[in-house]
Chemist: 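A single structure is presented below for examination.
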Amino acid sequence: SSPLHHSPRGDHPLGEASQSTSSTYNSSLKQDTLNHQNMTEKKEGSLSAPTRDIVDWKSPDYLNEDTLDAEMRRQFEVCHSCRRCFNLCESFPTLFDLIDESKDESLESVDSKDFPKVVDKCTLCDMCFMTKCPYVPPHEFNIDFPHLMLRYRTLQKKKGQLSKMPQELAKIDRNAKIAGIAPSIANWGSNKKNTLIRKPLEALTGIDKSAELPKFEKKTYIQQSKEISKVINKDAPAFGRKVAIYSTCYVNYNNTAVGIAAEKVLLHNGVEVIPVYPGCCGMPYLEQSQHEKVVKQSELVSDELCKLIDEGYDIVTLTASCGLMLKFEWPLLNPDNKKIKKLSNNTYDIDQYVSDISKKEGLTTGLSYIDGGITVHNACHARAQNMGNKALEMLKNLPDTKVDVVERCAGHGGTFGVMKETRHAAVKYGRTTARQIKNKKTKFVVSDCPLASKHLDGLLNEKDEEEIVSMLSLIHI
């Protein structure tokens, strides 16, 4: 297998990486049949960008219990000797407590039966890999904690040890179609103030009664898009660009205003826009270690989007997690699919794309000052793309507007933030992030992640002191 660089790509139209970085990435894409050790020398001390190995989930060794246990202990030993990630999430303090409280205060005396206590607390936020760990490849220690947790969780799934409800919640398109039959009733039933429903729902499903759940729109974003005027500003500096907005499941079903705002912003800046939604990116399936379903979604979506790429369209995603999937996780899980590689090289997050217009052609004049300032919550899956803080860069285009940043996980992590058994940890880490946001004393807060927005909204608005708004809606204002 071959490494894929978790970094911006030089051949990518919006890539800002040096050629030395991008050339390694490109060569890895073209040579994924070569042996990993022959391609990339593992060594200590390097200025190279982090690399990531193919997720070889079809290999017999992937779920071999002895092999996996040995790899868990190898990587845990490195984490134990370092402890740099002690405050990132619950997984690391849980691991370190297991070691410190063991008979010999060593990993050797920790029973492997206790490893699920560490694994179950991982949200796959990728922050240990991207921002903390000095031992990620190409370092010879070859530490990739999130993908190790994913591998162990896959074994748990095989053995029937994972909860069934999160796996049902991962079926986004199915669930949304059911809710779409009567969205008002679905929203009434899921409202956390509706104790008549939410208390028994918690007992039946394990969904915490205090968790704010997504609301469903009466019409999807794709349906609403057909009803709006689509006049392209031919006088805009960026006139001539073409974008296919991959709406993502959340925007399509739960927050259509973001999609409409994105269209208006791009149209106003001279960009031809068409909306498209072939299906969910599969991130919820990935969280449940359903690799085969992620690969199925990757092939379904890439088939449709690559047709648009061939017609000259750039692909723009509206949520950071979906951008991460299309650009990075899909090529790691399905490395031999040429369409997935093509899509990876032609996909951009919306703030990344708007920032590129600003840099290259320039935005249309007329952006307004936002009174009270804005705090950008730099979401984990935006940071994990290693493209820089494009949300901040985009918002800096607003004249005379104070823009601050908080770079800390909101703690939500998909179903992690709504299931009763893990919600307490999501709230614990979210409160720290919310406290940092409060200290910025700005009127508005924005995030690339809709679930982080919803989670932080509940923690921030207890006294109506702040307001979470859609980033694209804010720009449209």
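For this chain, numbers begin at 1 and follow the sequence in order. Only this structure's heavy atoms are used, side chains among them; waters, hydrogens and symmetry mates stay out.
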Chemist: Of all heavy-atom pairs between N191 and R198, which one has the smallest distance, and what is that distance?
Modeler: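 Smallest interatomic distance, heavy atoms only, reads O-CG, 3.2 Å.
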
Chemist: Is there side-chain contact between L213 and I207, with heavy atoms separated by less than 4.5 Å?
Modeler: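 Yes, side chains in contact.
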
Chemist: Which value, rounded to the nearest 0.5 Å, describes the distance between D120 atom CG and L162 atom CG?
Modeler: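 D120 atom CG to L162 atom CG measures 7.5 Å (nearest 0.5 Å).
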
Chemist: Would you please test H291 and R151 for side-chain contact (heavy atoms from CB on, under 4.5 Å) and show each step?
Modeler: CA-CA 10 Å; H291 298 62; R151 182 179 172 185; over 6 Å; no

Chemist: May I have the step-by-step check of side-chain contact (heavy atoms from CB on, under 4.5 Å) for M127 and R383, ending in yes or no?
Modeler: CA-CA 8 Å; M127 286 301 94; R383 297 176 70 190; 3.6 Å; yes

Chemist: Using only heavy-atom distances, determine whether the side chains of E263 and S225 contain a donor-acceptor pair under 3.5 Å.
Modeler: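 There is such a pair between these side chains.
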
Chemist: Per the side-chain contact (heavy atoms from CB on, under 4.5 Å) rule, which among L266, V271, T364 passes with N233?
Modeler: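 That would be T364.
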
Chemist: Is the closest side-chain heavy-atom distance between C380 and C409 below 4.5 Å?
Modeler: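 Of all side-chain heavy-atom pairs linking C409 with C380, at least one is under 4.5 Å.
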
Chemist: Checking ring-ring contact (aromatic ring centres under 6.0 Å, His included) between F145 and each of Y152, F92, F129, which is the one that passes?
Modeler: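 Going through the options one by one, the only one that passes is F92.
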
Chemist: If you measure from SG on C449 to CG on L324, what distance do you get to the nearest 0.5 Å?
Modeler: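 Rounded to the nearest 0.5 Å, the SG-CG separation comes out at 11.0 Å.
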
Chemist: For P183 and K218, work out which heavy atoms get closest and say how close.
Modeler: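 So the minimum-distance heavy-atom pair works out to CG-CA, 3.9 Å.
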
Chemist: Would H377 and Q436 count as having a side-chain donor-acceptor pair, cut-off 3.5 Å?
Modeler: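 Looking only at side-chain atoms, Q436 and H377 do not form any donor-acceptor pair under 3.5 Å.
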
Chemist: Working to the nearest 0.5 angstrom, can you tell me the gap between N389 CG and D351 CG?
Modeler: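 Atom-to-atom, N389:CG and D351:CG are 8.0 Å apart.
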
Chemist: Under 4.5 Å between any side-chain heavy atoms of H147 and L332, yes or no?
Modeler: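 Yes, at least one pair of side-chain atoms sits under 4.5 Å.
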
Chemist: Between M325 and V294, is the side-chain contact (heavy atoms from CB on, under 4.5 Å) condition met? List the steps.
Modeler: CA-CA 9 Å; M325 291 295 288; V294 178; 3.7 Å; yes

Chemist: Answer yes or no: is there a donor N or O on one side and an acceptor on the other, between the side chain of R423 and the main chain of G417, under 3.5 Å?
Modeler: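 Side chain of R423 to backbone of G417, a donor-acceptor pair under 3.5 Å: yes, one is there.
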
Chemist: Measure up the Y348 and Y353 rings against each other and bin them: parallel (under 30°), tilted (30 to 60°), perpendicular (over 60°).
Modeler: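 Ring orientation, 0 to 90° scale: tilted.
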
Chemist: Grab the two heavy atoms, one from P166 and one from Q288, that are nearest each other, plus how far apart they are.
Modeler: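 Minimum heavy-atom separation between P166 and Q288: CB-NE2, 3.4 Å.
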
Chemist: Testing Q385, R52, H381 for side-chain contact (heavy atoms from CB on, under 4.5 Å) with F328, which one passes?
Modeler: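 That would be Q385; it is the only one of Q385, R52, H381 passing the side-chain contact (heavy atoms from CB on, under 4.5 Å) with F328.
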
Chemist: Do you know which two heavy atoms are closest between S368 and L398, and how far apart they sit?
Modeler: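 So the minimum-distance heavy-atom pair works out to O-CD2, 3.5 Å.
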
Chemist: Is any side-chain N of the basic residue among D371 and K443 closer than 4.0 Å to the acidic one's carboxylate O?
Modeler: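 Answer for the salt bridge query: no.
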
Chemist: Indicate whether any N or O donor in one side chain lies under 3.5 Å from an N or O acceptor in the other, for Y285 and E292.
Modeler: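 There is no such pair (donor and acceptor under 3.5 Å, judged by atom type) between the side chains of Y285 and E292.
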
Chemist: Does E393 pair with K390 as a salt bridge, N-O distance under 4.0 Å?
Modeler: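 Yes.
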
Chemist: I'd like to know if K342 pairs up with D310 as an ion pair, taking the criterion as any Lys NZ or Arg NE/NH1/NH2 lying under 4.0 Å from an Asp or Glu carboxylate oxygen.
Modeler: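 The answer is yes: the pair qualifies as a salt bridge.
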
Chemist: What's the spacing between K441 NZ and N439 CG if we round to 0.5 Å?
Modeler: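 Nearest 0.5 Å value for the NZ-CG distance: 6.5 Å.
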
Chemist: List the atom of A170, the atom of Q290, and the distance in Å for their closest heavy-atom pair.
Modeler: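 The answer is CB-OE1, 4.4 Å.
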
Chemist: Is the count of non-hydrogen atoms from other residues, nucleotides or ligands lying under 6.0 Å from K242 atom NZ greater than 12?
Modeler: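 Enclosed.
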
Chemist: If we only count heavy atoms from C-beta on, is the M283 to L124 side-chain gap below 4.5 Å?
Modeler: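 Sidechains of L124 and M283: no contact.
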
Chemist: Using the rule ring-ring contact (aromatic ring centres under 6.0 Å, His included), only one of Y277, F216, Y221 pairs with Y253; which is it?
Modeler: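 Result: among Y277, F216, Y221, Y277 is the only option passing the ring-ring contact (aromatic ring centres under 6.0 Å, His included) with Y253.
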
Chemist: Return the CG to CG distance between N386 and D126, rounded to the nearest 0.5 Å.
Modeler: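 Between N386 CG and D126 CG, I get 11.0 Å after rounding to 0.5 Å.
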
Chemist: Quick one, E299 with K339, criterion salt bridge (Lys or Arg N to Asp or Glu O under 4.0 Å). Give me CA distance, side-chain angles, the key distance, then yes/no.
Modeler: CA-CA 8 Å; E299 293 175 348; K339 289 183 179 180; over 6 Å; no

Chemist: Report yes if the side chains of V55 and Y62 come closer than 4.5 Å at any heavy-atom pair, otherwise no.
Modeler: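 Yes, at least one pair of side-chain atoms sits under 4.5 Å.
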
Chemist: Kindly indicate whether the side chain of K219, heavy atoms from C-beta on, has any atom under 4.5 Å from the side chain of T256.
Modeler: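 The answer is no; the side chains never approach within 4.5 Å.
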
Chemist: I'd like to know if the side chain of D173 and the backbone of C280 have a donor-acceptor N/O pair within less than 3.5 Å.
Modeler: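 Yes, the answer is positive, given that a donor and an acceptor are paired below the 3.5 Å cut-off.
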
Chemist: Please tell me if the side chains of P146 and C128 come closer than 4.5 Å, counting only heavy atoms from C-beta onward.
Modeler: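 With C-beta onward as the side chain, the pair touches.
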
Chemist: Can you tell me if CD1 on I185 sees more than 12 non-hydrogen neighbours from other groups inside 6.0 Å?
Modeler: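 Atom CD1 in I185 is not crowded, with 12 or fewer foreign heavy atoms closer than 6.0 Å.
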
Chemist: Checking side chain to side chain donor-acceptor pair (under 3.5 Å) between K327 and each of N345, N346, T317, D349, which is the one that passes?
Modeler: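 Result: among N345, N346, T317, D349, D349 is the only option passing the side chain to side chain donor-acceptor pair (under 3.5 Å) with K327.
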
Chemist: Quick one: pull up CG in L305 and CG in L326 and give me the separation to the nearest 0.5 Å.
Modeler: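 One finds 6.5 Å between CG of L305 and CG of L326.
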
Chemist: Return yes if some donor-acceptor pair links the side-chain N/O of N254 with the main-chain N/O of K215 below 3.5 Å, else return no.
Modeler: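 A pair under 3.5 Å: yes.
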
Chemist: Evaluate V295 against W57 for side-chain contact (heavy atoms from CB on, under 4.5 Å), listing each step before the verdict.
Modeler: CA-CA 11 Å; V295 168; W57 60 281; 3.6 Å; yes

Chemist: Is the number of heavy atoms from other residues, nucleotides or ligands under 6.0 Å of K157 NZ greater than 12?
Modeler: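 Yes, because the 6.0 Å sphere around NZ of K157 holds more than 12 heavy atoms from other groups.
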
Chemist: Would you name the heavy atoms of M165 and T205 that are closest together and state the gap between them?
Modeler: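 Taking every non-hydrogen atom into account, CG-O, 3.3 Å.
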
Chemist: Is it true that E287 and R153 have a side-chain N and a carboxylate O under 4.0 angstrom from each other?
Modeler: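 Answer for the salt bridge query: no.
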
Chemist: Heavy atoms, side chains only, cut-off 4.5 Å: are K121 and T422 in contact?
Modeler: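 Of all side-chain heavy-atom pairs linking T422 with K121, none is under 4.5 Å.
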
Chemist: Could you tell me whether a side-chain N or O of S91 sits under 3.5 Å from a main-chain N or O of V118, the two making a donor and an acceptor?
Modeler: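 Checked: pair present.
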
